[in-house]
Amino acid sequence: MTTAQTQELDVQPTPLALLLLGREADPRSERGVECPGDLPSPSDPDLVERARAAKEKLGDKVFVLGHHYQRDEVIQFADVTGDSFKLARDAAARPQAEYIVFCGVHFMAESADILTGDDQKVVLPDLAAGCSMADMATAEQVAECWDVLTEAGIAEQVVPVSYMNSSADIKAFTGKHGGTICTSSNARRALDWAFEQGEPSATKVLFLPDQHLGRNTAVRDMGMSLEDCVVYNPHKPNGGLTADELRAAKMILWRGHCSVHGRFSLDSVNDVRERIPGVNVLVHPECRHEVVAAADYVGSTEYIIKTLEAAPAGSKWAIGTELNLVRRLANRFASEGKEIVFLDKTVCFCSTMNRIDLPHLVWALESLAEGALVNRIEVDKETEAFAKLALERMLALP
């Protein structure tokens with residue numbers, strides 16, 4: 001990344017960067033980088049057979065979940081695939097499975113633990129598989145933000161709405177303060193609900209932790225203006241905002257973003273239209289507002305998949321989402337003559353999602369088959385109770 005790009009994204013060097021590179025552990029979380037066992041070599045030619053054998057030995061005791069952004073080498077062993085919330089609900093619908101092996105990232109495994117039974121155990125094959133977006137909002141930072149809103153005299157008017165891509169602590173904060181969780185597919189319904197919780201002209205939403213999904217939903221889908229939105233920066237005193245700015249805003253957006261979707265730019269859209277005449281640009285709402293405004297279609301991961309399924313043969317598509325999924329979709333629909341390309345010319349995987357590789361999956365499955373519970377993700381009961389309350393409010397949305 002160039003200095004100019006770094007300045008544009010306003011990147012703050014933190015220990016998180018080292019954690020994501022696998023060079024440091026975060027003592028305040030369950031994640032780390034040391035595997036408590038010997039990983040098989042990535043060059044082991046028997047990895048696929050070892051994974052298959054361990055999974056067969058476990059039988060119905062194990063249920064493997066694979067997020068859409070996972071590597072092909074891992075996704076082949078998933079019993080179900082989907083986005084984070086769909087997978088967590090799928091896990092809850094399999095009470096007979098003693099072990100839920102979540103091939104995704106940390107916050108997803110937390111959500112699965114919250115929604116599954118007490119006798120079920122959620123395993124994350126690599127504890128260092130975090131989410132940079134989720135880690136951009138800590139419990140301490142959000143509590144401080146609430147103090148700022150209280151001092152501005154507006155906390156009672158604010159309803160928190162947190163994206164599914166958030167830690168259990170943030171979900172619990174949301175539940176405790178009368179808010180709800182949302183996904184990229186129901187964010188509009190969640191915001192409609194939030195503004196109905198008080199006087200519509202006075203109610204405000206604190207949207208965590210992805211500023212782009214919050215802004216795009218408010219402006220593109222609900223007709224608000226960009227001026228109705230302010231960005232709270234947890235690295236600045238009072239979030240970098242005055243009390244008057246907070247009082248005037250309808251959407252208080254947390255300064256967080258997805259490191260993958262945030263890289264797409266208006267130049268990416270313009271460039272692909274020049275290179276591929278007649279191309280349809282389809283992007284995820286985690287992309288920047290100018291990218292979403294310039295796209296032909298915008299929607300969640302499931303929306304992207306369904307749109308391509310329904311697309312006519314011979315159509316051309318540039319997709320603004322994670323590369324593993326785009327490549328998988330391109331291969332899937334090639335026989336139908338659909339041309340599917342990655343929106344950006346630069347290859348970009350989700351680096352933390354890609355920490356779940358075949359050696360880690362083999363190690364986790366073989367350990368469970370031998371009776372050793374490894375890498376369990378367990379949310380404490382108080383956090384679970386409030387987080388579940390927020391999730392249940394989402395489930396009750398019309």
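Please read all numbers here as calculations on a predicted model, not as lab measurements. Throughout, residue positions are numbered sequentially from 1 according to the sequence presented.
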Taking side chain as C-beta onward, heavy atoms only, is Ser268 less than 4.5 Å from Val291? no
Hydrophobic cluster membership, Ile170 vs Val148, 4.5 Å side-chain cutoff: yes
By the rule that ILVMFWY residues connect when side-chain heavy atoms come within less than 4.5 angstrom, directly or transitively, which residues belong alongside Val219? Leu226
Heavy-atom side-chain contact between Ser111 and Lys171 under 4.5 Å: yes
Does Gln141 reach the main-chain N or O of Pro234 with its side chain, forming a donor-acceptor pair under 3.5 Å? no
Hey, does Lys204 have a side-chain heavy atom less than 4.5 Å from the side chain of Ile154? yes
Please table the atom pairs, donor to acceptor, closer than 3.5 Å between any side-chain atom in residues 62-71 and protein atoms at least two apart or in another chain.
{"residue": "His67", "atom": "ND1", "partner": "Tyr69", "partner atom": "N", "Å": "3.1"}
{"residue": "His68", "atom": "NE2", "partner": "Glu302", "partner atom": "OE2", "Å": "3.0"}
{"residue": "Tyr69", "atom": "OH", "partner": "Thr301", "partner atom": "OG1", "Å": "3.4"}
{"residue": "Tyr69", "atom": "OH", "partner": "Thr321", "partner atom": "OG1", "Å": "3.0"}
{"residue": "Gln70", "atom": "NE2", "partner": "Cys103", "partner atom": "O", "Å": "3.2"}
{"residue": "Gln70", "atom": "NE2", "partner": "Met353", "partner atom": "O", "Å": "3.4"}
{"residue": "Arg71", "atom": "NE", "partner": "Asn354", "partner atom": "O", "Å": "2.9"}
{"residue": "Arg71", "atom": "NH2", "partner": "Asn354", "partner atom": "O", "Å": "2.7"}

Can you hop from Leu206 to Met224 via hydrophobic side chains spaced under 4.5 Å? no
About how many Å separate CD of Glu378 and CG of Asp113, when rounded to the nearest 0.5 Å? 6.0 Å
Heavy atoms only: give me the nearest Asp210-Glu286 pair and the separation to one decimal. OD2-CG, 3.3 Å
So that I know where these two stand, are Phe173 and Trp146 an aromatic pair - ring centroids less than 6.0 Å apart? yes
For Asp79, side chain to side chain donor-acceptor pair (under 3.5 Å) partners two or more places apart: Lys55
Could Glu309 and Arg332 be called an ion pair, given the rule that one side-chain N must be under 4.0 Å from one carboxylate O? yes
Flag the pair Thr180 / Val159 as yes when at least one side-chain heavy-atom distance between them is below 4.5 Å, and no otherwise. no
Would you say the side-chain atoms of Asn233 pair up with the backbone N or O of Gly239, donor to acceptor, closer than 3.5 Å? no
Walk me through it: do Arg188 and Asp221 pass the test salt bridge (charged side-chain N to carboxylate O under 4.0 Å, His left out)? CA-CA 7 Å; Arg188 167 67 189 271; Asp221 299 339; over 6 Å; no
Looking at Tyr232 versus Phe207, is the centre-to-centre ring distance below 6.0 Å? no
Could you walk me through whether Val269 and Val283 satisfy the side chain to side chain contact (heavy atoms under 4.5 Å, CB included) test, starting with their C-alpha distance in whole Å, then the side-chain angles of each, then the deciding distance to 0.1 Å, before giving a yes or no? CA-CA 10 Å; Val269 177; Val283 304; 5.6 Å; no
Minimum-distance pair of heavy atoms, taken over all atoms of Thr174 and Pro160: CG2-O, 3.6 Å
salt_bridge(Arg189, Asp192) N-O dist < 4.0 Å: no
Counting C-beta onward and ignoring hydrogens, is there a side-chain heavy-atom pair between Phe102 and Ile356 closer than 4.5 Å? no
Nearest atoms (heavy-atom pairs only) where Leu115 meets Ala92: O-CB, 3.3 Å
Look at the aromatic rings of Tyr297 and Trp317 and report parallel, tilted or perpendicular, splitting at 30° and 60°. tilted
Among the clusters formed by ILVMFWY side chains lying less than 4.5 Å apart, do Trp254 and Met251 turn up in the same one? no
For Asn280 and Ser315, which heavy atoms make the closest approach, and how far apart are they? ND2-CB, 4.5 Å
Same cluster or not: are Val123 and Leu365 linked, directly or through other Ile, Leu, Val, Met, Phe, Trp or Tyr residues, by side-chain heavy atoms under 4.5 angstrom apart? yes
Take His212 and Met133, measure what side chain to side chain contact (heavy atoms under 4.5 Å, CB included) needs, and give me the verdict at the end. CA-CA 11 Å; His212 300 308; Met133 180 203 296; over 6 Å; no
Can you tell me if Ser225 and Asp228 form a side-chain donor-acceptor pair at under 3.5 Å? yes
Between Tyr303 and His284, does the side chain to side chain contact (heavy atoms under 4.5 Å, CB included) criterion hold? Intermediate values first, please. CA-CA 9 Å; Tyr303 172 86; His284 194 282; over 6 Å; no
Rounded to the nearest 0.5 Å, how far apart are CZ of Arg263 and CG of Asp344? 4.5 Å
Pair Leu308, Ile304 - check side chain to side chain contact (heavy atoms under 4.5 Å, CB included), show working. CA-CA 6 Å; Leu308 293 176; Ile304 290 172; 4.3 Å; yes
Tell me whether Leu329 shares a hydrophobic cluster with Val80, the cluster being built from Ile, Leu, Val, Met, Phe, Trp, Tyr side chains joined at under 4.5 Å. yes
Heavy atoms of Ser184 and Ser300 approach each other most closely as OG-CB, 3.0 Å
